[in-house]
Amino acid sequence: MQVSRARRVLRVSSLLAVAIATAAGAATAGEGGTSRPDVILYVVDTLRADSLGCYGARGIRTPAFDRLAAEGARFPRAYAASSWTRTSVASLVTGLDPIAHGVHGRDDLLGPTIPVLTDGFRAAGYTTAFLVTNPNVGSAFGFGRAFDELLEPYARRAPGVVDSSELAVRSAEATRLALAWLARTPRPRFLAVLVIDPHEPYQPQDPPRALFAGCDRAAADGSLAGIARAARGGDADFEAIRALYRATVEDTDASFGALVESLRAAGTLDDTVVAVTADHGQELWDHGNHGHGRTLFEESIRVPLVIRYPPRVSPGQVLGRLARGVDVLPTLLDLARIGVPAVDGHSLAAALEGTPGRGQSVGSADDVAYASLDFEGRSLLAVIGYPWKLIRDRVDGGEVFGDLAVDPAGRMRWVPRTSTPDVRVAHERLVALAERYLAREPAPRTRVPAGAVEPAIRDRLRALGYAQ
Ligand SMILES: [Zn+2]
């Protein structure tokens, strides 16, 4: 079933490949030899790093993402800026830590005065677009101003439908729309795509029924109600939901593969910077809960980051330095030879090219990642200075501190401060970094005006589990 689905998508893609090649040729001829690469940023909503084969996952097939990693570079220690969509995507678009862009809660939008890095592409002559299937980062919340075009296929859906596949735009459809946009848009182009298949409710195209043996199938339907039922069940129910999640990741891989193979067939792939990352991960009862936007444990914030661009990135690299959501746009701008303004993120291009560059040594300022969550009554800050990780709860003052080298899954037990001098020094360093972060001037928050979110968008948000 998986294979036939992939072939189906590829057939549609191959029809568009000729059109893309034609558009690419016409644009290159008109640029007087100053051609720039296309840039595609593929963001998978709710994709845990450890759910991809190239990140060590077993029992899941992700050949397209794995091939991208084999042909490009992979960062095994990449962190999102938050564990929920709007905060994290705001950091991707701005290169700013959450405290500096002010997008935290359900009612916050990307404020009109916050600089966006996509302007760098526009100034360099790119046409920019965001194909977005999660309305949390659509036009209703201020993200339209960061792009020339915002493609929001969910907005065409009928209002009044909640929690059903009728509201879901799957990644296969996103691939079709992305290829159509590329076919009609002259180079150079920056296209960000955000697909949402691994976000609950889980609606894989071919539910993995064989994996449901020994559990209550009725509870394993992947709907929000089904997940809630599974949460009251036991390990077999958890495993059924995890199987559904993995199936949605496989769907996404097939759709992403169709997009990439279409570019390869058109002969434009090697002249395209392709990056894959996620806005956050997903709790699958690792710490007793399901979902995201609740904690900053590893399963919630450790994401994939894979970048392919043969002219400057030699294949098969695995880069051990920390990479952050705020680094993604600076890196993509740099790979396109566009200047990067001063933001919290830094370009990873030097690391990708294998040349010594700023921030590659462990212990430098660049080797620290922050993630924060000020959402639904929670206020958490995580600081990672590998291998150490600190999470501070700003509501109750609680704190966990752990060593990811000995606890890669980040189960994060309390570490007695008196254990060893090394641990004390590491702990003090991260506490100081946390306090420095929190001492920064917070960006003003811009609230969504009352009544500004259309009923159709509110329905879509409800379908994703966000009470509105
Ligand atoms: Zn998300």
Side-chain angles (χ1 to χ4, degrees), residues 41-52 78-94 98 101 103-110 130-143 146 150 152-154 163 167-171 174 192-203 222 224 227 245 248-249 251-252 255-256 275-284 286 289-305 324-326 328 371-376 378 380 382 453 457-458 460-468:
L41 171 60
Y42 196 86
V43 183
V44 184
D45 206 306
T46 319
L47 180 63
R48 295 166 62 123
D50 64 3
S51 62
L52 298 184
Y79 287 93
S82 185
S83 60
W84 95 282
T85 312
R86 203 177 303 152
T87 304
S88 181
V89 174
S91 285
L92 282 173
V93 167
T94 62
H101 62 56
V103 182
H104 303 289
R106 192 185 294 289
D107 297 325
D108 291 336
L109 52 74
L110 182 61
F130 188 14
L131 169 55
V132 55
T133 59
N134 182 339
N136 268 309
V137 286
S139 54
F141 299 104
F143 287 78
L150 209 60
E152 297 181 276
Y154 55 83
D163 193 11
L167 283 167
V169 176
R170 315 315 295 170
S171 56
V193 180
L194 186 140
V195 296
I196 199 170
D197 302 40
H199 192 297
E200 68 271 29
Y202 305 124
Q203 298 163 333
L224 299 178
I227 293 167
Y245 172 82
T248 66
V249 174
D251 283 352
T252 310
S255 304
F256 174 73
V276 169
T277 192
D279 60 343
H280 50 75
Q282 182 78 325
E283 290 186 70
L284 297 168
D286 308 74
N289 292 303
H290 175 278
H292 51 270
R294 292 180 177 82
T295 75
L296 296 174
F297 291 119
E298 293 292 277
E299 63 271 19
S300 286
I301 59 170
R302 199 166 80 83
V303 293
L305 177 61
R324 309 165 295 189
V326 292
V328 172
S372 80
L373 185 69
D374 285 280
F375 183 63
E376 305 291 282
R378 297 174 179 84
L380 301 169
V453 179
I457 300 296
R458 263 200 290 274
R460 182 74 182 101
L461 292 168
R462 267 200 298 274
L464 295 172
Y466 296 97
Q468 292 289 310

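Everything quoted here is computed from the prediction, not taken from an experiment. Order of appearance sets the numbers: ligands from 1, and atoms from 1 within every ligand.
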Margin query: Could you check whether any side-chain heavy atom of Pro198 comes within less than 4.5 Å of a side-chain heavy atom of Gln282, counting everything from C-beta outward?
Written below: no
Notebook entry, point to check: Would you say Asn136 has an N, O or S atom lying under 2.8 Å from the Zn ion (ligand 1)?
Noted result: no
Notebook entry, point to check: Quick one: do the Ser82 and His280 side chains pair a donor with an acceptor below 3.5 Å?
Noted result: no
Check: Which atom, among the N/O/S set of Asp45, is closest to the Zn ion (ligand 1)?
Finding: OD1
Next item on the list: Please state whether the rings of Phe375 and Trp84 are parallel, tilted or perpendicular, taking 30° and 60° as the class boundaries.
Entry: parallel
Notebook entry, point to check: Do you know which N/O/S atom name in His280 is closest to the Zn ion (ligand 1)?
Noted result: NE2
Next item on the list: Examine all N, O or S atoms of His292, backbone included, and report whether one is under 2.8 Å from the Zn ion (ligand 1).
Entry: no
Check: How is the N/O/S atom of Asp279 that comes nearest to the Zn ion (ligand 1) named?
Finding: OD2
Notebook entry, point to check: Is any side-chain heavy atom of Arg294 closer than 4.5 Å to a side-chain heavy atom of Ser83?
Noted result: no
Next item on the list: Kindly state whether the ring of His292 and the ring of Tyr245 have centres lying under 6.0 angstrom apart.
Entry: no
